[in-house]
Amino acid sequence: MALTGHSQAYALTDIFQFIHANKYNGTLQIEFPHENSTFFVYFRKGDIVLPFEKIKLRDNRLLLNLDLVEEEDLLHAQYFEKKTAISPVGLLLYCSILSPKSVQQLKPCIEENLYLLFEEECQYIFHKNQLPPSAHKEGFQFSSGSIVMEASRRLDHIQKIQQGLENTVYVLQPHLTEKWEGKKGKILQYLQNSLSFDQILTQTDVDKYTFYTTIQQLLDEKKLSPIDPSKGLSKVQELLDRKDILSALVFVQNLPTTFSELYSQAILLISEYLKTHPLKNNAHFFSSGQNLLAFLHQTLKSQLCPLTLQIKQEYRLHLHPKGIAFAKKNTNFSPRLLKKCSSQKKIDPQQNKISPNLPPTELLKTLTQLLSEEEKQQLLETSLLEILAEIYPLDEAEVELLPPSPSPNFPPEFSPLSLSYSPQYPPENFVKNLTELLELLHKLPPQVEIYLTTSKFRSSPPTSEKMRQFLSHFHRNYKNLNSLFSEILQQYPILEAYRLFQTAYKEGYLGPLSVDDTRRFLQTRLAEGKLEEAKRFLTSAQSMGYHQVDEFYTKAAEELELISAYLDESAPSLEGELASFSLAEILQTLVSGQHTGTLTIRSKNRTKDLYFYQGEVYVLRQEVQAKQEVQSLFLETQARIAVQDIFEMDMQGMMTEDQISEELANEVKEEIYEIFLWEEATFRFKKALPEMFLNPTEEYTKLRLKTDEFLMEAISRIDMWTEIMEVVRTEKAIFAFLSPQTKQQALTSGIDPQVLYLIDGTHNMDDIIRISRKRKFEVGGILFDLCQMGYIAPLTQDQLVKLGNEAIERKDYERAHNYYLHLSKLLPENKKVLEMEQLLAKKKKSTQRFPPQKPASP
């Protein structure tokens with residue numbers, strides 16, 4: 001089994017460092033799911049080797065830029081790449097079009113390619129000791145340590161630049177005449193098109209490091225600056241003069257909502273332009289929900305029709321002179337309309353025999369007979385405003401502005417809801433109500449926040465019955481605003497519901513959940529294991545900025561993330577076999593990298609968890625006897641310890657080796673040392689911790705080991721075990737004393753007699769461990785010492801065959817199996833021995849299942 005992992009659980013810099021520190025040979029396969037690409041890095045003695053034949057460039061045209069090949073040759077190589085799975089560089093080398101000497105010019109570019117690997121999330125697989133033959137041929141060599149150090153520096157530099165950027169639109173200074181080539185030239189081009197930083201990175205192949213260092217350079221030279229609202233209109237006009245409607249739209253959509261006046265004026269400019277220059281092709285851009293609704297509002301005000309928008313491939317909106325048609329993918333609006341009519345007691349769907357499966361157009365025809373024209377228009381407008389309110393909280397959505405068409409054009413999976421204008425209901429009515437909705441939504445707190453009725457509601461409730469009924473939804477109801485309004489809007493029109501909320505808040509009947517109450521409820525939900533509810537309280541607290549005044553919320557967020565990942569079996573992890581990667585190596589890299597998480601080791605039916613917090617090693621003890629011993633020796637139990645912060649070193653139920661008895665500390669460590677000797681064991685590390693670790697109950701004792709001493713002892717024991725196994729050879733080995741005199745000498749030497757009496761030429765090492773109930777390392781050490789003293793020796797092959805056959809004649813299949821099991825470990829390629837061992841194993845099981853019956857008494 002290879003070493004597999006995800007950069008979220010164990011960063012790519014860490015895996016490179018792990019391979020480098022242990023001087024491994026092998027192939028690291030790195031997969032980038034978002035790009036659907038794979039990259040291979042080869043290691044020899046821990047350092048990177050990239051054979052010329054395997055060189056993969058991010059842009060093969062680099063070969064042309066360096067004048068290394070002709071374009072025709074490169075096109076041929078790219079064509080055959082798919083058929084041969086050999087990179088273009090490798091093919092060009094093979095055909096002698098490129099020489100090894102000329103390829104050396106690519107080394108700086110290859111190094112840059114390596115740094116790009118660390119910028120994005122990825123999955124990886126390390127195949128230890130697996131290298132292609134070409135990896136031993138001529139190629140590039142890099143120090144893994146140097147690559148990791150430079151990659152880490154770049155990532156840190158990117159983060160610092162990002163933190164220094166304002167949350168606004170940046171524009172290039174006019175009259176910028178400097179021309180940049182290559183990647184920097186692309187960045188300038190896209191900045192001129194007014195794309196946001198994220199959009200530029202999405203739409204180009206510019207790497208993050210080049211991009212952000214270029215941005216920093218432009219800022220330092222004052223060639224790039226945050227937008228000045230007074231100059232925003234001139235930027236829009238400049239883009240329209242270039243007939244670049246898409247860039248103008250993108251520029252406006254990237255404006256923060258705080259620039260509302262500039263936004264409105266810019267939209268009017270674009271609207272006027274669109275009236276005289278209709279779109280010929282689709283225009284794709286990204287927008288927040290707030291900006292998108294503001295755009296729709298302004299286009300309706302300026303009566304820009306017809307206009308069709310598709311949002312997130314999920315919503316489609318068509319504005320035309322006679323009304324609005326709105327559709328949501330795979331959604332029938334009829335049940336929503338019927339429910340609203342029923343809740344407002346305008347009709348009874350059952351009494352009127354109206355099916356909710358009707359298409360909206362058919363339903364409206366039926367409702368026309370039951371509702372007045374005014375009621376129908378109000379129902380449609382309210383429903384349409386509710387759907388638009390769904391779009392408002394979107395952080396970012398892909399928008400497609402379609403060429404104008406005189407009538408709505410909806411694909412079959414879209415079921416439209418249409419609001420038609422009439423003399424009794426002119427478009428100004430809808431614009432007026434949309435204006436009020438946007439104002440109310442802008443004043444509405446983020447919908448992830450939790451609001452409750454205040455003490456004023458209980459002491460002096462409002463006189464209005466409608467207000468009292470509305471506030472009853474908030475009384476001791478700890479749902480967030482989004483969940484509450486989804487219920488409230490079934491009974492109230494959207495504008496009325498939001499008006500009531502604003503009035504109640506202004507008059508002091510509603511208020512956000514306080515810092516202390518949020519903390520108390522969050523602690524309770526965490527203690528009860530109700531993670532989804534805990535997340536709701538935490539999200540509300542973060543939205544209200546409580547984490548800035550109380551450090552508890554930051555720590556609770558970390559705790560919740562760790563617990564959620566622990567319960568998620570599909571969470572990113574690092575996995576491998578301990579036969580290929582020693583446990584000591586894994587522990588060392590987790591400690592040195594100051595990782596936090598859970599390391600799970602499995603072998604057959606055994607499982608053991610080790611816990612890490614910022615590189616410190618912990619274990620959890622659940623045994624009642626151990627708990628009682630700890631209590632009687634030194635400390636109070638967790639039930640008597642009052643603490644506040646879950647991550648402090650005096651955490652609940654946590655103690656160090658110094659605080660417990662030496663005997664108990666040794667017992668805990670011996671249990672862990674045994675794991676190092678497990679056969680066929682696998683490991684899995686997740687950036688996750690269980691609830692019982694973060695908040696241990698009385699049943700658990702959390703013990704923090706002296707990490708450095710523990711690791712040194714573990715490494716020492718592994719070395720010693722390797723020495724022991726050179727003599728013992730296999731855990732199925734059977735030993736015997738060389739003579740009665742050597743047995744007598746051993747019994748007087750002070751060695752544990754319980755083990756000595758089991759060395760009788762019939763019990764193997766596993767039997768001695770099981771019967772004596774001693775640890776493997778201790779028994780192995782005793783056998784090793786006795787062999788070195790010349791008191792015992794393992795049975796020879798001839799002895800094993802002879803004793804095995806004698807046991808078969810006696811039909812003692814269990815003992816016979818022991819002899820042949822030892823023999824099979826000594827002669828693993830002898831088929832006859834293996835067949836006999838397997839046959840005896842079956843015989844042994846059958847006799848154990850059906851023991852011989854005692855003869856009946858006469």
Side-chain angles (χ1 to χ4, degrees), residues 8-9 159 163 445-455 474 476-484 510-568 571 594-598 611-616 618 620 635-656 659 686-704:
Q8 284 185 353
Q159 187 177 13
Q163 290 172 349
Q447 297 195 17
V448 295
E449 294 182 5
I450 297 172
Y451 274 68
L452 297 174
T453 53
T454 62
S455 57
F474 295 85
R476 294 182 181 176
N477 194 338
Y478 301 104
K479 295 180 180 178
N480 58 32
L481 290 180
N482 185 47
S483 300
L484 274 175
L510 280 177
L513 195 62
S514 68
V515 177
D516 293 336
D517 285 344
T518 305
R519 176 173 180 155
R520 179 163 51 86
F521 288 125
L522 178 54
Q523 285 176 318
T524 304
R525 299 306 186 272
L526 283 172
E528 294 172 350
K530 297 178 179 178
L531 300 186
E532 289 305 315
E533 292 186 30
K535 286 178 185 176
R536 188 170 72 244
F537 283 103
L538 180 62
T539 305
S540 174
Q542 290 171 331
S543 176
M544 289 187 277
Y546 291 169
H547 61 290
Q548 296 174 354
V549 296
D550 190 341
E551 193 179 347
F552 164 79
Y553 293 105
T554 303
K555 295 177 179 178
E558 182 182 1
E559 177 181 355
L560 196 54
E561 183 181 353
L562 291 169
I563 295 173
S564 300
Y566 186 83
L567 297 174
D568 182 6
Q594 296 188 331
H595 287 274
T596 294
T598 301
Y611 306 100
F612 294 79
Y613 184 71
Q614 294 181 351
E616 296 290 340
Y618 296 81
L620 283 175
L635 280 185
E636 294 180 337
T637 63
Q638 183 229 325
R640 302 179 207 141
I641 301 175
V643 296
Q644 295 297 322
D645 295 325
I646 55 177
F647 287 111
E648 294 298 322
M649 284 298 99
D650 58 347
M651 289 187 289
Q652 294 179 337
M654 193 276 283
M655 52 194 70
T656 66
Q659 293 172 305
K686 289 202 301 183
K687 192 177 179 180
L689 288 170
E691 169 72 19
M692 60 187 179
F693 175 87
L694 297 168
N695 300 294
T697 62
E698 278 193 12
E699 299 176 19
Y700 293 94
T701 301
K702 180 162 58 179
L703 174 64
R704 176 163 60 89

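Here the structure is a predicted model, which is why all the values come from computation and not from measurement.
Using the six-membered ring where Trp is involved, F537 and F521 have ring planes that are parallel, under 30° apart on the 30 and 60° scheme.
Under the 3.5 Å distance criterion, the side-chain polar atoms of K686 are matched with a main-chain donor or acceptor of A565. Here the side chain of T539 pairs no donor or acceptor atom with the backbone of V448 at under 3.5 angstrom. A donor-acceptor pair under 3.5 Å is formed between the side chain of R536 and the backbone N or O of Y478.
Residue-environment remark: CD (E561) stays at or below the threshold of 12 foreign heavy atoms within 6.0 Å.
Rounding to the nearest 0.5 Å places CD of Q447 at 12.5 Å from OG of S540. The distance from the OG1 atom of T554 to the CD atom of Q548 is 9.0 Å, given to the nearest 0.5 Å.
Between D516 and R519, none of the side-chain N atoms (NZ, or NE/NH1/NH2) sits under 4.0 Å from a carboxylate O, so this pair counts as no salt bridge.
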message: Is there a salt bridge (charged side-chain N to carboxylate O under 4.0 Å, His left out) between E558 and K555? Walk through the geometry before answering.
response: CA-CA 5 Å; E558 182 182 1; K555 295 177 179 178; over 6 Å; no
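What you find for Y611 and T598 is that their closest heavy atoms are CD2-OG1, 3.6 Å. Of all heavy-atom pairs spanning L510 and T453, the tightest one is CD2-N, 3.9 Å. The two residues A527 and E691 have their closest heavy-atom pair at CA-OE2, 4.1 Å.
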